[in-house]
Structure formats: structure tokens, C-alpha cells
Amino acid sequence: MTIFEKIAARQIPASIVHEEDDFLAFHDIQPQAPVHVLIIPKRCIPRVAEAADTDAVLLGRMMLAGRAIAEKLGVLESGYRLVVNNGRDAGESVPHLHIHLLAGRALNWPPG
Ligand code: 5GP
């Protein structure tokens with residue numbers, strides 16, 4: 001099991017901010033911004049390049065949930081960034097697809 005599957009199964013703790021039947025969102029353990037949430041499917045899809053056409057609705061719903069999460073955490077008006085790291089050069093470190101939601105400060109562009 002990936003560490004994120006264990007979080008989804010409540011085998012290890014996380015600060016959950018949003019949950020639906022097939023995905024959930026929780027605060028990152030090492031936040032890179034005042035708000036740093038990870039949105040993950042409960043079922044392990046290793047990375048976005050390995051998602052199937054049948055995952056399209058799930059991935060779209062995860063992305064759209066960013067709005068409700070941002071609203072709940074008070075950053076909807078100030079703005080938020082959604083990031084998906086796919087593979088080594090992108091900085092992927094957990095092989096379980098996740099969308100980073102970063103907010104709460106002005107974020108640099110382009111990212112490093
Ligand atoms: P990646 O580098 O794969 O795009 O992002 C993985 C993220 O998962 C990192 O931001 C890292 O801090 C976070 N992370 C790794 N292990 C844990 C954990 O056990 N709990 C939580 N909440 N976040 C984790």
C-alpha cells in the first residue's frame with residue numbers, strides 16, 4: 001500500500017479537510033505555503049500519466065473540489081494553485097496520484 005492509501009484507509013493519521021466517496025483531501029505534512037492540501041483518489045492511480053480514460057470524471061471532480069477546499073480554508077478570493085508532479089524530473093516523490101492545492105501567499109512563476 002502507498003502511504004496515501006494508508007491515509008485513505010485511516011491506518012495512518014492525516015488532517016482531512018474534504019472527503020467524498022472515491023477521493024479525499026488532507027493537509028500536506030511538509031507545507032510549502034500557508035495552505036498546502038493534497039487531493040488524492042482513494043484507489044491508487046500511480047501518476048497522471050497512468051490514469052485511464054475511465055478515470056477522467058474522477059480526476060475532474062478532484063480538480064473541481066479545489067474550489068470547495070479553497071473556500072473552506074479562506075483562500076478562494078486570494079487564489080490558489082493546483083499542481084500535479086508526474087515523474088522524477090517533476091519532483092514526484094509519492095507514487096500515488098495527488099493534486100497539490102497551494103495558497104495563502106503570492107506564489108512564484110515559473111516554479112523552480
Ligand atoms: P510529490 O513530491 O510526490 O508531488 O508530493 C508528495 C507530497 O506528499 C509532499 O508534499 C510531501 O510533503 C507529502 N507527504 C509525504 N508523506 C506524507 C504523509 O505521510 N502525510 C502527509 N500529510 N503528507 C505527506
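One-based numbering, in listed order, for ligands and for the atoms of each.
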Rounded distance [0.5 Å steps], CG in L101 versus CD1 in I69: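 Interatomic distance, L101 CG to I69 CD1, rounded to 0.5 Å: 6.0 Å.
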
Can you tell me if [X] uses its side chain to pair, donor with acceptor, with the backbone of [Y] under 3.5 Å?
X	Y	answer
Q30	D28	no
E92	N86	no
H96	P41	yes

Salt bridge (charged side-chain N to carboxylate O under 4.0 Å, His left out) partners for R43, two or more places apart: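 With neighbours one apart ignored, the set is D55.
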
Return the closest protein heavy atom for [atom] as residue, atom name and distance.
atom	answer
atom 3 (O) of ligand 1	S93 N, 2.6 Å
atom 19 (O) of ligand 1	I3 CD1, 3.5 Å
atom 24 (C) of ligand 1	I29 CG2, 3.5 Å
atom 15 (C) of ligand 1	V94 CG2, 4.1 Å

Non-hydrogen atom of [X] closer than 4.0 Å to ligand 1:
X	value
A14	no
H27	yes
I7	yes

Just say parallel, tilted or perpendicular for the rings of H100 and H36, cut-offs at 30° and 60°.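 It falls in the tilted class, 30° to 60°.
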
Please indicate whether any nitrogen or oxygen in D28 is less than 3.5 Å from any nitrogen or oxygen in ligand 1.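 Yes, at least one N or O pair falls under 3.5 Å.
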
Numbered atoms of ligand 1 (with element) below 4.0 Å of [X], judged on heavy atoms:
X	answer
N85	4 (O)
F26	21 (C), 22 (N)
Q30	12 (O)
E92	3 (O)

Out of H98, R47, Q32, who is nearest to atom 1 (P) of ligand 1 when you count heavy atoms only?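 Answer by nearest heavy atom: H98.
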
Please classify the V83 to ligand 1 contact at 4.0 Å (heavy-atom distances, strictly less than): side chain, backbone, both or neither.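 Within the 4.0 Å criterion, V83 makes no contact with ligand 1.
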
Does [X], at its [atom1] atom, have more than 12 non-hydrogen atoms belonging to other residues, nucleotides or ligands within less than 6.0 Å?
X	atom1	result
Q11	CD	yes
R67	CZ	no
M63	CE	no

